> 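Once you've had a glance at the structure underneath, I'll fire off some questions.
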Amino acid sequence: MSSPTSSRCVYDIPMTLDATLSHTNGLDPHFTTSRNKRHFLDCKEYIVGPIPPSDFLDFFLPPTTTNDKARFTSTKNAFASIPRSAETAADIYEPLSIALNKKSKQKSRCPGFTFDTPATRNRHTRRRGCPKPHICCYTQENLKHVVSSDRHHSAEFGYLELLVQVRPDPSQDLFVDPDISLDHASRRNHQFLATHSNKALKQELEDAFGQHIAHVVEAFARQYRLSLFTIAMSGSCARLLHWDRAGCVVSESFDIREQPDLFCEFLWRFSQTSSSVRGHDLTVKLAPSEETLFRDAITEYARSQLGQDEDLESMVRRHYKAGHVVAIEVLHYRFTATMENTRRFLVSRPTVSPLALYGSGTRGYWAVDTMTQQVVFLKDTWRRTDLAEVEGETLRRLSDLGVRNVPSLVWHGDVPISLPDKPRKLKAKDIQTTRHDLLASESWACQVDEQEVHVPKRRHYRLVMGTVGQTIKTVRGTDELLHSTYDVYTAMRDALQKDSRIHRDISVGNIILVQEPDSPVRKGYLIDWEMSCRIDESGDACESGRVGTWDFMSYRLLDVMHRNAKHRFQDDMESLLYVVLYSALLWQPHNLSKANLTFIISGMFEYGYKHPLGAMHGGSGKLSNAVHRQYTLMVQFGSDTFREWLLTVLNYHSPLPMYEESGEYKDKWSTPEPLDTYWATFLQTNVLESNNRVVHTLDKSDYYESISASTPSRGSSPHVSGKALGKRPMREAPDEAPVRRNSRRRAFTPPPVAGPSNRAAPSRSHSTPPLRRSSRIQEQKGRVQQADTKGVGDQTLRRRGPSKRKTRTTSRK
């Protein structure tokens with residue numbers, strides 16, 4: 001048994017910095033409502049329960065061999081001071097923390113651990129956007145780090161071992177256990193989530209559980225964790241929860257006043273088990289003696305990637321935090337477990353922090369290979385075990401086939417729980433793997449939202465690549481934008497031609513820019529080939545299911561009328577077009593105001609709704625733009641040359657009606673060659689602007705508050721057939737950001753769709769409630785309606801100014 005004070009665990013790890021380098025991404029109080037809703041929608045279909053508490057203990061915390069309870073405090077009346085119900089959560093968690101910390105000179109409830117109440121240190125106790133956990137459990141040596149930390153720093157999440165969230169009354173439990181008299185079939189059909197006719201109460205309970213999930217997500221982001229235990233209290237009734245990248249397992253409810261032995265047994269086993277069983281990844285180790293090596297190597301490589309007027313220190317800060325350098329070991333895939341087959345890589349601050357619980361939980365790092373002392377890129381992720389092959393093997397084959405502009409493979413492998421003492425081949429049980437799938441088919445498991453819960457298995461995996469760059473979000477100019485994305489198109493075409501493979505997740509997060517010697521602009525590389533697959537003779541993906549990043553998926557794949565469609569290369573082409581447009585809207589000069597830019601981003605890229613069948617659908621904004629240029633005609637880009645490229649490629653994809661009769665753009669999108677020929681010729685014959693980057697910001701508070709009021713968050717699973725399908729990154733802001741006192745809530749209007757009869761337009765899931773309009777908004781609405789009557793070819797549409805608060809009704813055919 002490992003001591004709970006073991007120094008082998010790494011705590012309080014750095015998170016990704018925002019664009020200003022002043023904050024980390026995480027629990028922004030402005031976006032509490034939408035974040036909680038997104039977390040709840042993402043996770044609820046992966047909630048397995050209710051498992052009997054005794055089975056929960058035996059599965060997740062099996063008894064130790066000695067089971068010596070000489071240091072264990074008596075359970076008699078252990079929690080008699082906890083009221084069965086109360087007016088406030090504090091009336092529960094304050095006496096509960098005292099009871100949990102009860103100890104004598106030799107005995108305690110949870111030896112080696114201390115329970116603290118961060119909620120009592122909340123700066124804004126009446127402000128729902130700034131909640132801290134009610135009770136957190138720390139090792140005794142870590143409590144002092146939390147208490148002494150800056151109040152702006154979410155230190156509790158960097159050190160917690162266990163957290164407790166409280167609702168004051170048993171009636172406020174989100175879950176409902178089935179009656180013990182039910183037979184097996186009836187129990188399987190029981191709805192585990194509570195159903196309430198009171199919609200306000202239902203929303204309140206879902207929001208509270210979403211906040212619970214948000215705390216779990218933050219703990220995963222600030223620690224190297226495989227799993228986490230939490231406790232949900234409703235009055236004096238408790239549920240035990242276990243979280244990992246496959247979702248959540250929830251126990252049956254039990255009253256800690258009436259069953260103190262059960263609760264105390266959980267605390268005892270928790271205190272006596274190993275750090276790895278408590279959820280820590282012990283393959284990550286502090287490396288203070290190698291910090292200088294890491295800092296110098298990162299600094300030298302960053303210098304080679306600097307652009308005009310870019311600051312070296314700022315670039316280094318994105319990848320290095322003093323005192324936070326760790327070593328990560330990677331055993332080569334399917335090699336015998338020996339030190340010779342294991343490479344060590346130094347990392348510090350990630351370029352990507354996972355801000356969602358379910359899924360891949362990917363972190364990305366600029367890393368230093370301790371063997372070669374070269375800078376590499378390390379991807380730490382939880383891969384799906386049902387895919388045909390791991391990403392590293394895909395990259396190896398693409399390289400062998402001569403596919404251009406894909407990253408080079410250095411090393412890769414599944415992550416073992418620990419390296420064995422003697423050389424041997426590892427078995428599946430030796431690998432860090434999610435376990436909730438083993439419980440989903442148990443006889444006690446109930447339905448969620450009238451659906452049986454299906455939990456996929458995920459395996460911890462690390463991939464090291466020799467190609468290291470910066471995200472396309474750092475694009476410097478029009479020339480770099482179009483050259484680098486053409487490089488990506490070259491990679492897509494090569495993979496199609498040489499391996500019959502399509503990527504299926506073209507997005508801004510999967511393109512990096514690398515400054516290579518003697519090149520005036522950075523080269524674009526297409527990364528993250530995990531979800532790629534082969535296509536059949538008809539051009540359809542051989543693997544079923546909808547995958548990709550929501551914002552950039554083609555409207556065909558998002559459309560409810562094509563919910564069973566398979567991915568094609570043309571869908572990837574469309575995604576790349578959206579990447580270019582999105583990048584231009586956010587980082588190139590144009591005439592849009594912040595409000596109008598937010599309208600386009602939310603309406604065209606982010607809008608979605610939940611279909612009655614359960615899956616998320618959308619794409620109506622993209623379809624509207626394809627048919628009538630609803631959004632792009634509003635934009636006057638600073639570069640006329642870029643505008644020419646954009647208008648031409650939009651017509652390649654979907655010609656405006658004025659061009660259909662002439663056939664000028666007929667079949668330009670049916671095969672890859674016409675776009676490739678046009679794009680290559682365009683770059684050769686045009687001079688594009690360089691270093692004309694302009695950073696545009698979005699009206700985030702408007703957008704997030706509106707999403708929470710009107711539509712499901714785009715973060716909700718864009719998938720079919722109950723499978724988790726790809727990343728859904730959300731725009732997040734700093735958790736240390738000051739609270740905006742005078743922000744107003746504005747409702748988001750779902751994008752209108754108008755199209756010819758041969759287009760399938762998704763139906764709107766609901767209407768937007770009426771809202772107040774200022775004279776300015778009314779004036780804008782009038783201009784839009786007047787412009788609409790002139791037709792899509794009218795140049796006045798280019799400058800029209802839409803309002804987020806207007807509601808438009810458009811006929812759909």
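Here the structure is a predicted model, which is why all the values come from computation and not from measurement.
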> Ignoring hydrogens and angles, state whether a donor on the side chain of R245 or T434 is under 3.5 Å from an acceptor on the partner side chain.
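Result is no, nothing qualifies.
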> Under 4.0 Å between a Lys/Arg side-chain N and an Asp/Glu carboxylate O for E452 and R188?
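Looking at R188 together with E452, the answer is yes, because their closest N to O distance falls below 4.0 Å.
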> Is there a donor-acceptor contact under 3.5 Å from the side chain of S554 to the main chain of D571?
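No.
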> Say whether, by atom type as modelled, one donor and one acceptor occur between the side chain of R363 and the main chain of A221 under 3.5 angstrom.
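Pair found, side chain donor or acceptor close to backbone of A221.
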> Once you round to the nearest 0.5 Å, how far does CZ of F263 lie from OG of S236?
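Output value for this atom pair is 11.0 Å.
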> State the SG-NE2 distance between C136 and H215, to the nearest 0.5 angstrom.
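C136 SG to H215 NE2: 8.0 Å, rounded to 0.5 Å.
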> Fit a plane to each ring of W243 and H212, take the angle between them on a 0 to 90° scale, and name the class: parallel (under 30°), tilted (30 to 60°) or perpendicular (over 60°).
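Tilted: the ring planes of W243 and H212 meet at 30° to 60°.
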> Within this structure, what is the CG-OG1 distance for the pair L162 and T230, rounded to the nearest 0.5 Å?
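Separation between the atoms: 7.5 Å.
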> For F192 and F175, I'd like to know if the aromatic rings sit close, meaning centre-to-centre distance below 6.0 Å.
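Yes, close enough.
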> Below 30° counts as parallel, above 60° as perpendicular, anything between as tilted: where do the rings of H134 and Y93 land?
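Rings of H134 and Y93: parallel, under 30°.
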> Side chains of L395 and L463: closer than 4.5 Å at any heavy-atom pair?
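Of all side-chain heavy-atom pairs linking L463 with L395, at least one is under 4.5 Å.
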> Between Y46 and H436, is there a side-chain heavy-atom distance shorter than 4.5 Å?
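H436 does not reach Y46 side chain to side chain.
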> Please say which of K199, K37, R167 ends up in a salt bridge (Lys or Arg N to Asp or Glu O under 4.0 Å) with E204.
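Option passing the salt bridge (Lys or Arg N to Asp or Glu O under 4.0 Å) with E204: R167.
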> Please determine whether salt bridge (Lys or Arg N to Asp or Glu O under 4.0 Å) holds for the pair E218 and K132, giving the CA-CA distance in whole Å, both sets of side-chain angles, and the decisive distance to 0.1 Å.
CA-CA 11 Å; E218 194 74 3; K132 286 181 176 289; over 6 Å; no
> Testing the 3.5 Å rule here: is there a donor-acceptor pair between the side chains of D551 and T549?
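Note: D551 and T549 side chains miss the donor-acceptor criterion.
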> Quick one, S253 with D173, criterion side chain to side chain contact (heavy atoms under 4.5 Å, CB included). Give me CA distance, side-chain angles, the key distance, then yes/no.
CA-CA 9 Å; S253 176; D173 190 349; 4.3 Å; yes
> May I ask you to test the R225-V216 pair for a side-chain heavy-atom distance under 4.5 Å?
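No, too far: nothing below the 4.5 Å cut-off.
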> Where the side chain of S34 meets the backbone of F31, is there a donor-acceptor pair that is under 3.5 Å apart?
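Yes, S34 side chain to F31 backbone: donor-acceptor pair under 3.5 Å.
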> Between the main-chain N or O of N189 and the side-chain N or O of Q191, is there a donor-acceptor pair closer than 3.5 Å?
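Here the side-chain-to-backbone pair exists.
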> With rounding to the nearest 0.5 Å, note down the distance linking SG in C248 to CG in L357.
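One finds 8.0 Å between SG of C248 and CG of L357.
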> Parallel under 30°, tilted from 30 to 60°, perpendicular over 60°: which one fits the rings of F56 and F229?
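Perpendicular, since the angle between the ring planes exceeds 60°.
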> Work out which heavy atom in Y358 is nearest to a heavy atom in R458; give both atom names and the distance.
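Minimum heavy-atom contact is OH-NH2, 4.1 Å.
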> Please work out which of the three classes, parallel, tilted or perpendicular, describes the rings of Y609 and H617, given edges at 30° and 60°.
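Tilted.
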> Could you go through the salt bridge (Lys or Arg N to Asp or Glu O under 4.0 Å) check for R269 and D58 one step at a time?
CA-CA 10 Å; R269 292 194 191 185; D58 291 341; 3.0 Å; yes
> Could you pull out the closest heavy-atom pair between T283 and I417, with the gap in Å?
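Closest approach of T283 to I417, heavy atoms only: CG2-O, 4.1 Å.
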> Output yes when a side-chain donor or acceptor of D449 lies under 3.5 Å from a complementary backbone atom of Q451, and no otherwise.
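Not confirmed, D449 side chain does not pair with Q451 backbone.
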> Nearest 0.5 angstrom please: W268 CH2 to T273 OG1, how far?
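W268 CH2 to T273 OG1: 12.5 Å, rounded to 0.5 Å.
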> Pick from Q432, E530, H412, R383: which one makes a side-chain hydrogen bond (donor to acceptor under 3.5 Å, both in side chains) with Y461?
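Going through Q432, E530, H412, R383 one by one, the side-chain hydrogen bond (donor to acceptor under 3.5 Å, both in side chains) with Y461 is satisfied by H412 alone.
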> Near K457 NZ, under 6.0 Å, is it more than 12 heavy atoms from other residues, nucleotides or ligands?
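Yes, enclosed.
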> Output the distance between atom CD1 (I51) and atom CD (E442), rounded to the nearest 0.5 Å.
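These two atoms lie 7.5 Å from each other.
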> Yes or no on side chain to side chain contact (heavy atoms under 4.5 Å, CB included) for I256 and M233, after CA distance, side-chain angles and deciding distance?
CA-CA 10 Å; I256 63 174; M233 300 292 302; 3.6 Å; yes
> Any ion pair linking D177 and R239 (charged N to carboxylate O, less than 4.0 Å)?
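D177 and R239: salt-bridged.
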> Is a salt bridge present between D540 and R568, judged by a nitrogen-to-oxygen distance below 4.0 Å?
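Salt bridge present between D540 and R568.
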> Can a salt bridge be assigned to the pair D28 and R35 using a cut-off of 4.0 Å between side-chain N and carboxylate O?
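Salt bridge between D28 and R35, a charged N being under 4.0 Å from a carboxylate O: no.
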> Checking S234 against Q172: is there a side-chain donor and acceptor pair closer than 3.5 Å?
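There is no such pair (donor and acceptor under 3.5 Å, judged by atom type) between the side chains of Q172 and S234.
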> Determine, for F59 and R435, whether the Lys NZ or Arg CZ falls below 6.0 Å from the six-membered ring centre while staying within 45 degrees of the axis.
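Yes, R435 lies over the aromatic ring of F59.
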> Is P50 close to P178 at the side-chain level, that is, under 4.5 Å between some pair of heavy atoms?
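With C-beta onward as the side chain, the pair touches.
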> Salt-bridge test for E543 and R384: reply yes if a basic N is under 4.0 Å from a carboxylate O, no otherwise.
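The answer is no: the pair does not qualify as a salt bridge.
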> Apply side chain to side chain contact (heavy atoms under 4.5 Å, CB included) to the pair E206 and L174, showing each step before the final yes or no.
CA-CA 7 Å; E206 292 178 356; L174 177 67; 4.2 Å; yes
> In this structure, which one of R504, H567, H503 forms a side-chain hydrogen bond (donor to acceptor under 3.5 Å, both in side chains) with D572?
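Looking at R504, H567, H503, the match for D572 under the side-chain hydrogen bond (donor to acceptor under 3.5 Å, both in side chains) is H567.
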